[in-house]
Undergrad: 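Have a look at the structure that comes next, please.
Since this is a predicted model, take the numbers as computed values, not measurements. All chains are named by letter (A, B, ...) in the order of the sequence lines, taking the proteins before the strands, and each is independently numbered beginning at 1.
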Number of protein chains: 2
Amino acid sequence: MISATPLARKYGPQLEKEMRAILALPEETLKPLYGMMHYHMGWADPDFVPLHTYPGKHTRPFLLLLICEAVSGDWHTAIPAAAAVELLHNFSLIHDDIEDHSPTRRGRSTVWSLWGVPHAVNVGDIMFAHAYLAISRLREKDVSADRIRVAFTRLNQTCISLCQGQYLDLEFEDRAQVDMALYVKMIENKTAALIACATELGAVIGGASHAIVEHYRQYGRELGLGFQIMDDILGIWGDPRITGKPICDDLRTKKKTLPVLHALETERKRGKRTLRDLYSRQEIGDADVERMLAVLEETGSHQYAREVLSGYRARALENLEVTGIDNQAQQTLVSLSRNALDREY
Amino acid sequence: MISATPLARKYGPQLEKEMRAILALPEETLKPLYGMMHYHMGWADPDFVPLHTYPGKHTRPFLLLLICEAVSGDWHTAIPAAAAVELLHNFSLIHDDIEDHSPTRRGRSTVWSLWGVPHAVNVGDIMFAHAYLAISRLREKDVSADRIRVAFTRLNQTCISLCQGQYLDLEFEDRAQVDMALYVKMIENKTAALIACATELGAVIGGASHAIVEHYRQYGRELGLGFQIMDDILGIWGDPRITGKPICDDLRTKKKTLPVLHALETERKRGKRTLRDLYSRQEIGDADVERMLAVLEETGSHQYAREVLSGYRARALENLEVTGIDNQAQQTLVSLSRNALDREY
């Protein structure tokens, strides 16, 4: 997603300090419970020995802080909310890994694969609760009771969206036919909702008017949808040296992403079923991948996905522009969004 | 726990109406997701056909409503909070059933056993989020922003306690030695915290002073601990015609409840290990159960558990009394608490 090195230098230390304070061990008997959370966050190894690993991109909290800074000139007030969205994201990763049976994440074993499903369910639950607790800490930053209430409600609605999106995602695996409209609904809930929550909360805590808050929320939504379509494109046509994944990985694993759904739908209308048949095979070889790629070009699905992506990109930038805000933080947002949705692939 | 028939007639319909409104299907594509929640609540069968089954005792929400009525004369204001604690309780049941690998609950198949672990994890998560959403609905009842904030924070701390208690419970299965202090910490978090949350929120929403709120919270805590010890006693010495479970069920399943932990600790001090050896057997026969019962009498553990229970009972009633409140709702609380912790067994 966003290449965040300068932001990581600026916001990273305070964000991490806040998250560590929220997930601080309350008493010795609970050490393994908090240790499992610290492990997931990259702060400890499986024996709970402190560790420094790559903490992840922190896209959501950094967007939140940038927007709070853009609208108010200050970002420190929003640190607890930034921690909340990052912890919520991590709760959903812990549970998604159980649900998808994923053995690794960011090159490390997942919580369930190390400590079993029962502990992993419980570790996700407590991470979830700690994300809400983070919002309570806004009080210490003198954020008004009314804005804290809005933050609670928005975080809560976002949790509901995440679960609705996850339900659709789980269902997709079993469905013979997934249409593009349902796919967009799924990524809206599963991916875009949390990014929109982050961008909205940045504006809310910065004290922006309702209209400005709404523009930042829409910006986050379009950006989030764009991120996902970019991922979908990279998963098929991305350069393995850049993505770090095997070439055409999403085709080999038969993922139902937007370009594939477009191709399936287009072939169906034409009375063809080449891709559908290829997707029903048990094993996918190199020749199958070549044939899949040919179908995707023939149906114009590569071009279609690029157009959808540039639509999201244009609307994301438009929503930033109509805020009328123009300062350094806002310019950073604009250039980050441009770059993130315009990578070479 | 509490025999709630007259309360069920008084509070039941509005409570259920509120919970149904919170868990209402937002759109047709999500029908199975909401259907799984409705199934768990006893409102639908596994094909999502509407159904009326025994809804559970609703101990927590009814206590909350009774206390709101005792302190303010009205209980309608507190309906959303009552729904919140009941939904939170049900979230924890859905996840506990996964973690404990329980195939049935209240005589019906559990969510994970019908739809698999991935959906059950997600259904629990969304129920969790909807419990918080319920608190937001207090706004429509004209509860002050400040009291809503307290309700959020308390519900949140309770979620954290539940997970901490669940962690300890999961750990106990693997531990060779569990001491009584750790056991009490576990039941305090896993059982008493949510009951204390319910009794506290009833007083908060009723507008009680800090001192009165604190008495009701303590009352709930002692009552919750008492409930658990009562369960522990009934699990060994309860009349099967009353408990509906096989005689000495907790001994046959080698549960580490308070009387058993007391007996293990007493034997250890005396350099004996009869019960410990019996608990390490694979299969427990009738003769083993007889020997276990003999050890429990010899170590005075039956008597010990009764004394602990009457301590909790006395402190629960004491906390009710010092509120100085005396009206019909309060009298109902007193008699319910007396009866619940003083059943014949």
Undergrad: Chain B heavy atoms under 4.5 Å from A:I148: which part of the residue, side chain, backbone, both or neither?
TA: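 Contact with chain B is absent: no heavy atom of A:I148 under 4.5 Å.
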Undergrad: Could you tell me which of A:L168, A:D125, A:V121 has the largest number of non-hydrogen atom pairs under 4.5 Å with chain B?
TA: A:D125
Undergrad: Does A:R139, at its CZ atom, have more than 12 non-hydrogen atoms belonging to other residues, nucleotides or ligands within less than 6.0 Å?
TA: no
Undergrad: For A:C163, run the side chain to side chain contact (heavy atoms under 4.5 Å, CB included) check against B:V123, B:L30, B:I126 and tell me which one passes.
TA: B:I126
Undergrad: Among A:D96, A:D146, A:T29, A:I135, single out the residue with the greatest number of heavy-atom pairs under 4.5 Å to chain B.
TA: A:T29
Undergrad: First locate atom CZ of B:R149, then atom CZ of A:F152, and finally report the distance between them rounded to the nearest 0.5 Å.
TA: 9.0 Å
Undergrad: Counting only heavy atoms closer than 4.5 Å, note whether A:L182 contacts chain B via side chain, backbone, both or neither.
TA: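 Side chain of A:L182 only, per the 4.5 Å heavy-atom cut-off to chain B.
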Undergrad: Once you round to the nearest 0.5 Å, how far does CZ of B:F128 lie from CG of A:N156?
TA: 10.0 Å
Undergrad: When you compare the side chain of B:P26 with that of A:Q164, does any pair of heavy atoms fall below 4.5 Å?
TA: yes
Undergrad: Donor-acceptor pair, B:N122 side chain versus A:Q166 backbone, under 3.5 Å?
TA: no
Undergrad: Only pairs of heavy atoms separated by less than 4.5 Å count here; which of B:L170, B:T153, B:I160 has the most with chain A?
TA: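 Option with the top pair count is B:I160.
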Undergrad: For the pair B:Q157 and A:Y132, evaluate side-chain contact (heavy atoms from CB on, under 4.5 Å) and give the outcome as yes or no after the intermediate values.
TA: CA-CA 10 Å; B:Q157 286 163 335; A:Y132 281 98; over 6 Å; no
Undergrad: Go through the atoms of A:V117 and report whether side chain, backbone, both or neither lie under 4.5 Å from a heavy atom of chain B.
TA: side chain
Undergrad: Where on A:P32 is there a heavy atom nearer than 4.5 Å to chain B: the side chain, the backbone, both, or neither?
TA: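 Both the backbone and the side chain of A:P32 come within 4.5 Å of chain B.
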Undergrad: Quick one: pull up NE2 in A:H119 and CD in B:E99 and give me the separation to the nearest 0.5 Å.
TA: 8.5 Å
